[in-house]
Amino acid sequence: MEYNFREIEQKWRQRWVAQQTYKVTEDASRKKFYVLNMFPYPSGAGLHVGHPLGYIASDIYARYKRLQGFNVLNPMGYDAYGLPAEQYAIQTGQHPAITTEANINRYREQLDKIGFCFDWSREVRTCEPGYYHWTQWAFQKMFGSFYCNACQKAQPIEKLVEHFAKEGTANLDVAQSEELSFTADEWNSWDEVKQQQVLMNYRIAYLGETMVNWCPQLGTVLANDEVIDGVSARGGFPVVQKRMKQWCLRVSAYAQRLLDGLETIDWTESLKETQRNWIGRSEGAEVEFKVKDSDKSFTIFTTRADTMFGVTFMVLAPESELVQELTTPEQKAAVDEYLAYVKKRTERDRISDRKVTGVFSGSYAINPFTGEANPIWISEYVLAGYGTGAIMAVPAHDSRDYAFAKHFNLPIVPLVEGCDVSEESFDAKEGIVCNSPKAGATPYIDFSLNGLTIKEAIAATKKYVKEQGLGHVKVNYRLRDAIFSRQRYWGEPFPVYYKQGMPQMIPEECLPLELPEVDKFLPTETGEPPLGNAKKWAWDTKTNSVVDCSAIDNETVFPLELNTMPGFAGSSAYYLRYMDPHNDQALVSPEADEYWQNVDLYVGGSEHATGHLIYSRFWNKFLFDLGVSRKEEPFQKLVNQGMIQGRSNFVYRIKDTNTFVSLGLKDQYDVTPLHVDVNIVSGDVLDVEAFKAWRPEYATAEFILEDGKYVCGWAVEKMSKSMFNVVNPDMIVEKFGADTLRLYEMFLGPVEQAKPWDTNGIDGSHRFLKKFWNLAQNILAQNTQTAPTAAELKSLHKLIKKVTEDIENFSYNTAIPAFMIATNELTQLKCTNPAILEAMVVLIAPFAPHIAEELWESLGHSTTVCDAQWPQFEEKYLVEDTVKMMVAFNGKTRFGIDFPADADNTTIEAAARNHELTSKYLEGKQIMKVIIVPKRMINIVCK
RNA sequence: GCCCAGAUGGUGGAAUUGGUAGACACGAGGGACUUAAAAUCCCUUGACCAGUGAUGGUCGUACGGGUUCGAUUCCCGUUCCGGGCACCA
């Protein structure tokens, strides 16, 4: 019988749906395993062969775990809110919901063809009210919480209110936007609005006036991870800094826990490193400097407290409030001029040209270690948002300070033995300290740092700063709070209305607050977000319902929030929702959450390292504090699948002609390379007729061939429509079958590695399946009932061992060759034993489920192969009595000799002396050492 | 600039983590079957040298050193490619 993959695959696709083969339910008697893919944004372009890579890898693991007896949750859904659908809506008037629905249907159709074991009954879409109900709910909980530093967890805001009423801000250790100080009496005397304003300083979801990344072309703000090199990650439009009132999430409060959590999870080191960089913890000291001839003082942050003796000037950020306070009247004009200059510069200007600029404030600061007065400068190289917005400059040991000192001719004092600072600063934190005053030499300090290593000196100075009350030890993080408002239509609406300018949450029982209809998806004429176009978008507090905007009276009917939530809102807790997707009483029931816990294996791209993977960890930690999530870390193990790049093909057109010249001859002409559709190129040879038919302008094209063929050039590029290098999985499935596609994608190389797609090699995978099929048909036809031979068992168990290990390690690319080898061996052994075939069918089921099901049925089983048992490896079938080992003398390979498999040094030595091939080499020689490499070789060191 | 990960045939990639480097596949070359093509099967395929031949030898895992009986693997230095962070003090 032929291997008719089309018939087989269609048959099993239908049967899996009919029998609900992949539907899972919580089952306390079985161990759970949760496999998850990063859910896709359903774009209009559909899937290309790169998309399913991760899905196939996780599908193999899910199927393998199921065969091992685990109850496997492997859900799929859609990250359905997003910019492309909205921009399409702006251009065409087509409602984003319609576009999104159409795209989802196309995705689903494509996914269904590849044979995944997703439980589609658990599908979620972030744009559905039943789903974003819980996104809104979590937001309200964040609004109703503050972060307690002392207990390192989120707490209800009521506790903070209680604290304020009793002690004001005394004994308060909480995460906050700015440090406030007030008494209980003051708090109690304030009215509701004032109290609410103060509480905003502490809420985890808060409305904050902050500098945001504003993208004028997109008409919205962007989070830090959405901005790359001063332009938007999506679209590449310029981004400017703008002060705006926005919803923010206090992610920074969780910085330390986000950092610590990395130690407990099984992610790649490079991904953890990326997150560590993003969180950017730095340990240092805040030191207070008094201003000369003034009662003012200010605090700086430094990680190099050891360089206190190398300070020669101070620098303030232009945006710092200290600038106004410390500028002397004489310098005011110069400072104002400088501030005006800085204000004109965009983020992009700052990044692209880093010229040294600055202005002297006129004031001096007293170094608390030496009593020296140092000039206070103002410069844009100091950032307002980091540390205290003020630094002590140590030009000898900081390259930025160095550049500044050279430019403005300020002194440079080196502090490390033997360092040369005539050309550049010495930034390394290594070496021995010198040039610090002797103990007792100044009235300010009674010890010397000279002779200490930098590390010791840092510790010593920090300790001194703390003891003397000159400042305190401080940890700073680069991680900023996430800006949570977007001026868009196609996103989750905030469940918020405004009363007296203060945000109010709509009652929890009224959630979800559904996205209203608008007739235009653009911002309003007055510059309000698109929701400003909605007619029915006001909250009636009497009826607790959405009413027409015309009813707004600001007494019982109030305007609703016009911003929507960003993309990461819906993707932050979706893995919890899959556990209990139809629950309308809770995000997830405690029972479902207790059973599924967290994701055991998460598969997705590393491009989400500083976005989704930070936000969802934060979101989950918050839910953990609330007691909603059982596990502090959502994704125990994470595998990053590498991007599949496109392999583009080129044709070479001779300039100003319609003649194309083959690759090997192109250097003889002046040519322009042009992308050509890879689907009309096979093995880099162009299908000339198809090319003429491809585009009208090529209908009359002429060709200069080599050896009768037109050979194309090629390059590895991103897979994209514009490069004509997109390979569609549907086409591959049609031509070779889903099992071949699955096998080939895994065979291409390690899952984690980026690699170019090359359809040429797919024959090999397809050929293997045919061979496997033929072997199976042969066995089924003969159906010998005798016991398997030792050779057959050896072949099988070698395979079991290899495949089991490789799946565990995600080395699918090495598991597949093992199948090829075993199939060849068993074919050569003329195996006719169905027991051997049965085991092989189970082993291959995760990789090629359709063919496995078909053969499983042929073997007489009435259940699906998914309910089979993973074969057990038994060592005894691999053990051999004798082993052929290479005997080498002093490392030089000489002879292959059979030895007993369990031979030790003494027997080997004796055997070597007696053996006809080796005895003469050893005659009269002394054996120094015998090294046995198990089952491989023996090296005899002799002289 | 700092941090992380890499570099193996014409190509994608293996190598039991210190033990016969190049598994497996693609491509290429040769052959068988076929009127022919497709499909299938078999052989060769890192480079160089010697030999009619079986075969033997030398070199070879980016480059230069080191440790070791033995290094693709460990250590030091250099070059190149990829990723992250970046006037973050």
Side-chain angles (χ1 to χ4, degrees), chain A residues 2 229 268-282 284 300-305 307 315 317 350-351 354-357 379-383 385-394 397-401 403-404 424-425 427-429 476-480 606-607 609-610 640 642 647 683-684 714 743-744 747-750 752-765 767-768 770-771 774 801-802 805 811 813-821 824 884-886 888-893 896 928-943:
Chain A
E2 279 268 299
D229 292 336
T268 61
E269 202 42 50
S270 68
L271 190 65
K272 287 188 190 182
E273 196 59 31
T274 302
Q275 291 216 338
R276 283 188 201 111
N277 283 342
W278 190 259
I279 295 166
R281 180 191 156 103
S282 68
I300 59 95
F301 174 73
T302 180
T303 56
R304 292 291 303 273
T307 58
V315 188
R350 271 195 168 193
I351 291 166
R354 293 188 175 175
K355 45 184 182 186
V356 179
T357 65
S379 174
E380 61 179 335
Y381 86 87
V382 174
L383 305 177
Y386 187 78
T388 61
I391 62 151
M392 60 181 213
V394 185
H397 302 292
D398 182 291
S399 51
R400 296 153 299 179
D401 298 344
F404 195 85
E424 55 184 1
S425 60
D427 291 14
K429 287 188 193 178
N476 263 323
Y477 300 91
R478 201 191 74 93
L479 185 71
R480 310 283 178 84
S606 58
E607 66 273 20
T610 53
N640 286 125
R647 190 176 183 281
D684 288 337
W714 61 276
L743 231 43
Y744 184 58
F747 181 64
L748 220 45
E752 299 89 340
Q753 217 165 81
K755 57 223 152 208
W757 176 269
D758 184 357
T759 308
N760 288 329
I762 202 166
D763 286 339
S765 301
R767 235 171 258 156
F768 156 67
K770 278 200 242 176
K771 284 188 199 170
N774 291 338
K801 184 168 191 241
K802 180 79 178 144
E805 282 171 5
S811 300
N813 59 323
T814 57
I816 292 163
F819 280 111
M820 297 177 174
I821 292 165
N824 283 340
K884 192 169 200 95
M885 291 204 259
M886 293 312 255
F889 297 98
N890 296 340
K892 297 267 182 192
T893 305
M928 309 298 291
K929 208 182 335 180
V930 177
I931 299 151
I932 305 174
V933 179
K935 295 181 189 174
R936 221 15 98 71
M937 62 185 287
I938 296 161
N939 190 13
I940 297 174
V941 185
C942 50
K943 67 174 183 187

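The chains referred to below are lettered A, B, ... by the order of the sequence lines, with proteins before strands, and numbering in each begins at 1. For clarity, every value in this text was computed on a predicted model and none was experimentally measured.
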J.: When rounded to the nearest Å, what value does the distance between P atoms of B:G30 and B:G22 take?
T.: 26 Å
J.: Taking the nucleotide of RNA chain B with the nearest heavy atom to each, does A:Thr610 or A:Gly761 sit closer to the 5' end?
T.: A:Gly761
J.: What pair of heavy atoms forms the shortest contact from A:Val315 to A:Ala393, and how long is it?
T.: CG2-CB, 4.3 Å
J.: Using a cut-off of less than 4.0 Å, is there contact between a side-chain N or O of A:Tyr381 and OP1 or OP2 of B:A89?
T.: no
J.: What is the ring orientation for A:Phe768 with A:Phe819, classed by angle as parallel under 30°, tilted 30 to 60°, or perpendicular over 60°?
T.: tilted
J.: Check the distance between B:C85's C1' and A:Tyr386's OH and give it to me in whole angstrom.
T.: 12 Å
J.: How many Å lie between NZ on A:Lys272 and P on B:C85, as a whole number?
T.: 18 Å
J.: Would you mind classifying the nucleic acid contact of A:Lys771 as base, sugar-phosphate or nothing, using non-hydrogen atoms under 4.0 angstrom?
T.: sugar-phosphate
J.: Please verify the inter-ring angle class for A:Tyr381 with A:Phe404; under 30° counts as parallel, over 60° as perpendicular, anything in between as tilted.
T.: tilted
J.: Does a side-chain N or O of A:Arg767 approach OP1 or OP2 of B:U40 to a distance below 4.0 Å, or not?
T.: yes
J.: Of all the nucleotides listed (B:C26, B:A25, B:A89), which has the minimum atom distance to the side chain of A:Asn760?
T.: B:C26
J.: Tell me the interatomic distance from A:Ile279, atom CD1, to B:G84, atom C1', rounded to whole angstroms.
T.: 13 Å
J.: Quick one: list whatever passes side chain to side chain donor-acceptor pair (under 3.5 Å) with A:Arg480, sequence neighbours left out.
T.: none
J.: What pair of heavy atoms forms the shortest contact from A:Ala609 to A:Gln275, and how long is it?
T.: O-NE2, 2.9 Å
J.: With rounding to the closest Å, how many angstrom separate the P atoms on B:C4 and B:G70?
T.: 31 Å
J.: Is there a donor-acceptor pair under 3.5 Å between the side chain of A:Asp401 and the backbone N or O of A:Val394?
T.: yes
J.: Pick the P atom in B:A7 and in B:C74, then give their distance to the nearest Å.
T.: 10 Å
J.: Please report the distance separating the P of B:G56 from the corresponding atom of B:U45, rounded so that it comes out in whole Å.
T.: 14 Å
J.: Sequence neighbours left out, what passes side chain to side chain donor-acceptor pair (under 3.5 Å) with A:Ser811? Give chain and number order.
T.: none
J.: Between A:Phe301 and A:Thr388, which heavy-atom pair has the shortest distance, and what is it?
T.: N-OG1, 3.8 Å
J.: Quick one: A:Asn277 CG to B:A5 C1', roughly how many Å, whole number?
T.: 13 Å
J.: Determine the interatomic distance between C1' on B:G46 and the same-named atom on B:C42; round to the nearest Å.
T.: 23 Å
J.: Please write out the pairs of protein N or O atoms and N or O atoms of nucleotides 6-13 of chain B separated by less than 3.5 Å, giving the distance to one decimal.
T.:
| from | atom 1 | to | atom 2 | distance (Å) |
| --- | --- | --- | --- | --- |
| B:G12 | O2' | A:Leu748 | O | 2.6 |
| B:G13 | OP1 | A:Gln753 | OE1 | 3.0 |
| B:G13 | O3' | A:Asn813 | ND2 | 3.3 |

J.: Whole-Å distance between B:C41 C1' and A:Asn774 CG?
T.: 12 Å
J.: Between atom CZ in A:Arg281 and atom P in B:C85, what is the gap in whole Å?
T.: 20 Å
J.: Take atom CG of A:Asn640 and atom P of B:A5, then tell me their distance rounded to the nearest Å.
T.: 15 Å
J.: When syn is taken as a glycosidic angle within 90 degrees of 0, is B:G9 syn or anti?
T.: syn
J.: Atom CZ of A:Phe768 to atom C1' of B:A23: distance rounded to whole Å?
T.: 15 Å
J.: Hey, is the side chain of A:Lys770 poking within less than 4.0 Å of OP1 or OP2 on B:U40, counting only N and O atoms?
T.: yes
J.: Taking only the C1' atom of each, what is the distance from B:A71 to B:A21 in whole angstrom?
T.: 11 Å
J.: Any idea which of B:C85, B:A23, B:C26 is nearest the A:Trp278 side chain?
T.: B:C85
J.: When syn is taken as a glycosidic angle within 90 degrees of 0, is B:U78 syn or anti?
T.: anti
J.: What is the minimum heavy-atom distance between A:Arg647 and A:Trp757, and which atoms define it?
T.: CB-O, 3.3 Å
J.: With sequence neighbours excluded, tell me which residues meet salt bridge (Lys or Arg N to Asp or Glu O under 4.0 Å) with A:Lys272.
T.: none
J.: List in chain and number order the residues that pass salt bridge (Lys or Arg N to Asp or Glu O under 4.0 Å) with A:Arg281, two or more places apart in sequence or in another chain; answer none if no residue qualifies.
T.: A:Glu283
J.: Measuring only the C1' atom in each nucleotide, how far is B:U61 from B:U20? A whole number of Å is fine.
T.: 15 Å
J.: Please state the P separation for the pair B:C3 and B:U79 - nearest whole angstrom.
T.: 15 Å
J.: Should stems be defined as at least three consecutive Watson-Crick or G-U pairs with both distances under 3.5 angstrom, which of them involve RNA chain B?
T.: B:1-4 with B:82-85, B:10-12 with B:24-26, B:27-32 with B:40-45, B:46-50 with B:55-59, B:62-66 with B:74-78
